[in-house]
Amino acid sequence: MLIILTGLPSVGKSTFSKKLAEILNKLGIDVIVLGSDMLRESFPAWRESYEEFIRKNTLYLIENALKEYWVIVDDTNYYNSMRRDLINIAKKNEKNYAIIYLRAPLNTLLQRNVKRGEKIPNEVIVEMYKKFDEPGRKYRWDEPFLTVDTTKEIDYYEIAMRLIEKSKKKDEKVRDRVENSISKDYSIINEIDKETRKIVGEYIKRIKPKNKEIDRIIKLRKRFIKNLKNEEDIDVSKAIIEFKRLLEEEG
Ligand SMILES: Nc1ncnc2c1ncn2[C@@H]1O[C@H](COP(=O)(O)OP(=O)(O)OP(=O)(O)O)[C@@H](O)[C@H]1O
């Protein structure tokens, strides 16, 4: 299992990793916490030119560890491309993965950062906060398994149990198949949604109903789409015929 943490500096990723690893270890799971800071801090000084080496070798370490152990990635994983690289490692090795998004209000981050000596200037955190690529906002694959507010009490035991539960589920390939079929259903409903809007438009033009009746027709269409979402194996043409019949009968 690959646990991908993401969150801004000072949100509490290292604290969280350590505590979660301790609980998982107590529950009998061999787990290692890895992050790019391990390599970064092994250089006596920081240079931009080291960053590519650090990135590549952190991924290399993670992939090798994942073959044997659970891995918690203690990194900011600021861009969704970083999370995607990690997910690809999990998939390649047929392991489950879970993104855990740690969050806290900006003020809390700044206060914690000052308290630990402001190694990163507060202005940098403010800029990062503004631009942070929140997990799941753009892509479904990037959706967090859990979002943890680090200003509240964290139930590590509950989190560990949920991760163990997830690790027992079928591998990512099966999950991908399920996700693909969900997105297929979604695009079918979209198509029916568009088509029924057109039908309603033409119907209204033809019949010229009063305002009150128009409202009822609009509601009828909405209800039809809503009910469709609970159905399996939706057929576009059958659904359109059914909607036209409904409109003629109840419209
Ligand atoms: N849940 C929490 N409640 C209160 N303080 C916390 C919490 N988690 C972490 N802290 C404090 O916030 C500071 C930053 O924590 P930590 O090093 O775990 O953050 P981080 O997200 O790993 O930061 P970075 O990305 O810069 O390494 C530390 O001083 C830590 O004691």
Side-chain angles (χ1 to χ4, degrees), residues 1-26 31-48 50-59 61-62 65 69-87 89 97-137 142-163:
M1 165 69 102
L2 182 64
I3 301 162
I4 304 165
L5 299 190
T6 181
L8 291 166
S10 284
V11 75
K13 296 177 297 296
S14 300
T15 311
F16 180 90
S17 304
K18 209 165 156 238
K19 290 191 180 155
L20 181 62
E22 276 165 15
I23 297 268
L24 285 169
N25 180 58
K26 277 192 191 141
V31 57
I32 180 169
V33 178
L34 293 172
S36 58
D37 272 350
M38 283 172 26
L39 289 176
R40 196 171 285 112
E41 285 166 9
S42 301
F43 287 100
W46 180 82
R47 293 209 173 91
E48 172 66 41
Y50 301 155
E51 279 301 312
E52 185 51 19
F53 171 90
I54 292 168
R55 191 190 69 81
K56 268 203 294 206
N57 285 286
T58 305
L59 290 176
L61 265 175
I62 290 169
Y69 312 119
W70 278 35
V71 178
I72 302 176
V73 183
D74 172 15
D75 252 323
T76 313
N77 291 313
Y78 187 71
Y79 294 110
N80 62 52
S81 59
M82 295 167 173
R83 301 186 295 261
R84 190 198 52 218
D85 287 346
L86 290 163
I87 290 171
I89 287 179
Y97 65 86
I99 295 175
I100 300 186
Y101 173 32
L102 303 188
R103 59 187 303 178
L106 179 59
N107 266 345
T108 308
L109 301 181
L110 300 180
Q111 278 163 16
R112 286 184 190 165
N113 189 45
V114 170
K115 222 169 159 187
R116 66 171 183 180
E118 215 177 323
K119 271 189 288 174
I120 310 170
N122 265 357
E123 299 86 77
V124 174
I125 298 185
V126 172
E127 279 314 299
M128 288 176 84
Y129 188 91
K130 283 191 207 151
K131 290 186 200 148
F132 185 54
D133 217 354
E134 277 209 312
R137 213 180 49 197
D142 192 30
E143 269 169 19
F145 174 63
L146 287 174
T147 297
V148 177
D149 180 341
T150 66
T151 59
K152 305 221 168 90
E153 200 178 327
I154 301 172
D155 188 341
Y156 289 96
Y157 183 77
E158 155 85 15
I159 294 172
M161 292 313 285
R162 289 189 61 179
L163 289 165

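Both backbone and side-chain heavy atoms feed into the values below; hydrogens, waters and symmetry mates do not. The shown structure was predicted, so the numbers you read here are calculated from the model rather than taken from an experiment. When a ligand or atom number is given, it counts from 1 through the structure's own listing order.
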With only distance considered, is Ser14 within less than 3.5 Å of ligand 1 through an N or O on each side?
->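 Checking ligand 1 against Ser14, an N or O pair does fall under 3.5 Å apart.
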
Do any nitrogen or oxygen atoms of Gly12 come within less than 3.5 Å of a nitrogen or oxygen of ligand 1?
-> yes

All salt bridge (charged side-chain N to carboxylate O under 4.0 Å, His left out) counterparts of Glu158, not counting sequence neighbours = none

Are Tyr156 and Phe16 close enough that their ring centers fall under 6.0 Å?
->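 Yes, they do, as the ring centres are separated by less than 6.0 Å.
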
Aromatic ring proximity, centroids under 6.0 angstrom, Tyr79 and Phe132 = no

Can you name the nearest heavy-atom pair linking Asp133 to Arg83, along with the distance?
-> O-NH2, 2.8 Å

Quick one: does Arg116 get within less than 4.0 Å of ligand 1, heavy atoms only?
->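 The answer is yes, since Arg116 has a heavy atom less than 4.0 Å from ligand 1.
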
Judged by non-hydrogen atoms, does Ser10 sit under 4.0 Å from ligand 1?
-> yes

Measure the distance from atom 30 (C) of ligand 1 to every protein heavy atom, then report the residue, atom name and distance (to 0.1 Å) of the closest one.
->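 Looking only at protein heavy atoms, the one closest to atom 30 (C) of ligand 1 is Thr15 OG1, 4.0 Å.
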
Nearest non-hydrogen protein atom to atom 12 (O) of ligand 1, with distance, is Arg112 CD, 3.1 Å

Under 4.0 Å to a heavy atom of Thr150 - the qualifying atoms of ligand 1, by number |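 Contacts of ligand 1 toward Thr150, numbered from 1: 1 (N), 2 (C), 3 (N).
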
With heavy atoms of Lys13 as the reference, note each atom of ligand 1 found under 4.0 Å away.
-> 18 (O), 19 (O), 20 (P), 21 (O), 22 (O), 23 (O), 24 (P), 25 (O)

Atom 28 (C) of ligand 1 within contact range, any protein heavy atom under 4.0 Å =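 Under the 4.0 Å cut-off, atom 28 (C) of ligand 1 has no protein heavy-atom neighbours at all.
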
Within the 4.0 Å heavy-atom cut-off, what Leu8 brings close to ligand 1 is backbone

SB check Lys130 Glu127 (cutoff 4.0 Å) | yes

Just wondering, do Thr147 and Ile100 contact through their side chains at under 4.5 Å, heavy atoms?
-> no

Not counting sequence neighbours, which residues clear side-chain hydrogen bond (donor to acceptor under 3.5 Å, both in side chains) with Glu52? List them please.
->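 Glu52: side-chain hydrogen bond (donor to acceptor under 3.5 Å, both in side chains) contacts with Arg55.
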
